[in-house]
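Per chain, numbering begins at 1; letters A, B, ... match sequence-line order. Here the structure is a predicted model, which is why all the values come from computation and not from measurement.
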There are 2 protein chains.
Amino acid sequence: MPSVTLKMIAKELSLSVATVSKALANSYEISDATKNIVLEAARKMGYIANPYASSLRKRRSKTVAVVIPEIADSFFAKVINGIEEVALFYGYHVLIYMTHESLSREQAIMQDFRSGRVDGILMSVSEQTDTVDHIKAVMDSNTPVVFFDRVREELPTTCIVTNDFESAFAATSHLISKNCRKIAFVGNSPALAINRNRESGYKAALKEHQITYENVLICGNDPENDYTILASLFRSDYRPDGIILSVEKLIQLLYQVCHDLNVNIPGQLKVLTFTNFAMAGFLNPPLSTINQPAYEIGKVAAQTLFKKLARTNHISEAESIVLPSEIIFRESSN
Amino acid sequence: MPSVTLKMIAKELSLSVATVSKALANSYEISDATKNIVLEAARKMGYIANPYASSLRKRRSKTVAVVIPEIADSFFAKVINGIEEVALFYGYHVLIYMTHESLSREQAIMQDFRSGRVDGILMSVSEQTDTVDHIKAVMDSNTPVVFFDRVREELPTTCIVTNDFESAFAATSHLISKNCRKIAFVGNSPALAINRNRESGYKAALKEHQITYENVLICGNDPENDYTILASLFRSDYRPDGIILSVEKLIQLLYQVCHDLNVNIPGQLKVLTFTNFAMAGFLNPPLSTINQPAYEIGKVAAQTLFKKLARTNHISEAESIVLPSEIIFRESSN
């Protein structure tokens, strides 16, 4: 198969080669509408941008890094697929680094980037990350960083997020509308903005409905301990009749606990969780979920990073791009 | 926290520093039993091997690559966790590269490795991979490659596999014992040895029970097309009463097809699939699965690679290490 050229794309779209070239180089001379048409055609036709022929030419590694806590999570897997689609278009490699929720590993990885191993970084911070010095040092060494999902908003760069507060608010309000009056919220690290935003959304919904029962649990990385925490929930007088899970990997534990303790879902406990897990609709019972636009988050994060890479100056400001989530109501919350 | 030294490990185990050092260097002077005790203690205590103080010192990148088809798969996610545990111990980074089942992407990635970007490679080939020239070229450039799961046995290196033939044979025999007489097998690429081995195991079990019904389907990467293939299975006279799925991502499609066409599992169709998917026991109905030792496969593959990296010469022979899978029988096949 011959490689796709700018000329071929121009012919296909009845545009000039110069327009196609400028559109692909993200020139201010070209409208966003035209850019989108050109990008879409280039993608469909399998065009591979040659970084040595573009403003990316000064970049050495042709590589971007994705730094995430873990990959055994359908959200991150989908984000990476979105990132890969964009990176492939620019002829870039994507390298995936896992922090395993450890700040010291995250620091070691960022230290490694200061040698210029990668041209840019897409990042979702660890549960332990309570400082940004290690990230700032990389940004100061002229390697742009774009955050997604688990962001640090105090740094002068772009954060791609979803509407966590509103989603948790809507999820909690839904459980209240299904007559739940004792709703628990299970999150992971209070250090993470996404977790704090979801917890705030949960609390705001309780407040709006003047419900005083409030029960926030923190589950971490130890399945045995998490099992104990969830099980004790149903052995106490403070037993909930509804639960919002903020962590995908806890779904299995919650279903296990309910199975072991004969807690009927949704009869005795209504459940709604944050996840993009494909099999949610085939669980017993089918699980109500808050689906984040994971693939889109990955795409937008990567597009943002490549825009930064193509720029000659690196003056960057803190900004957020919010892509809304969607709640899918199934039997577990009915 | 002060870093853990050889001396601290030696004290903890009441061994000499020399013994601990040799055990960690995988010396022939030390027994396997002692090596395991030392490795386990080193891991628990958080010891980070300093590659500059070991025989890895000549290696430049302190990085190993994992080349896999995709990450949205619980098998590969668990393999990577096993690899990471070992790599962390040696103070190495793990970089993950995805081929998205494309030979040309796999070739581009391997080309990139010839510049010495990584010290060693752990690899599961793409569905399209019908040549090994691109892999051999990297091995010839003195970068060791270890295969796992999707292997190419013709190259002079180590392949870490599971007992695919035996697992498919046992799974098929189980369905026959449950009175299935029309069992279909759904695989992906016939180019992959694991798929061929599973198909052979399926056929051998049919032959042993003198069952003439044989129905092998190939499903690929296009969910719409796969849905059509699976749905047409139940609209034909050749309709099966049992099915072995060889591809994790098809579970959702199969459950969807059975839901849409009112095919009762296990009443009208008994199902058994290859997967390490954590929620299998909570599906409706709970799914019988062939669980591969994914984490162990990752660990052994990484240990094998680090042994190769520590060696001064690179004379290597073709060998296979087989770690057995386990079948978990649940309601879907009962």
Query raised in the report: Between B/Ile71 and A/Ile80, is a side-chain contact (heavy atoms from CB on, under 4.5 Å) present by the stated rule, with each step listed?
Result: CA-CA 9 Å; B/Ile71 62 157; A/Ile80 288 167; 3.3 Å; yes
**Report entry** Stepwise side-chain contact (heavy atoms from CB on, under 4.5 Å) test for B/His100 and A/Asn81
**Finding:** CA-CA 9 Å; B/His100 292 283; A/Asn81 285 342; 3.4 Å; yes
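Scanning residues 258-273 of chain B against chain A with a 4.5 Å heavy-atom cutoff picks out B/His259, ordered by number. Within residues 102-113 of chain B, the residues having any heavy atom under 4.5 Å from a heavy atom of chain A are, by residue number, B/Arg105, B/Ala108, B/Ile109, B/Asp112.
The stretch residues 63-85 of chain A participates, sequence neighbours left out, in no ring pair (Phe, Tyr, Trp, His ring centres under 6.0 Å) pair at all.
For the pair B/Gln252 (side chain) and A/Ala278 (backbone), a donor-acceptor distance under 3.5 Å is present.
Taken to the nearest 0.5 Å, the CG atom of B/Leu95 stands 9.0 Å off from the OG1 atom of A/Thr63. Of the inter-residue distances, the one linking B/Phe277 atom CZ with A/Met279 atom CE reads 5.0 Å to the nearest 0.5 angstrom.
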Which donor-acceptor pairs under 3.5 Å do side chains of residues 280-289 of chain B form with protein atoms, sequence neighbours excluded?
residue, atom, partner, partner atom, Å
B/Ser288, OG, B/Arg330, N, 2.7
B/Ser288, OG, B/Arg330, O, 3.0
B/Ser288, OG, B/Ser333, OG, 2.7
B/Thr289, OG1, B/Asn291, OD1, 2.7
B/Thr289, OG1, B/Arg330, NH1, 3.4

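If you measure heavy-atom distances from B/Glu70 to chain A, you find no contacts under 4.5 Å at all.
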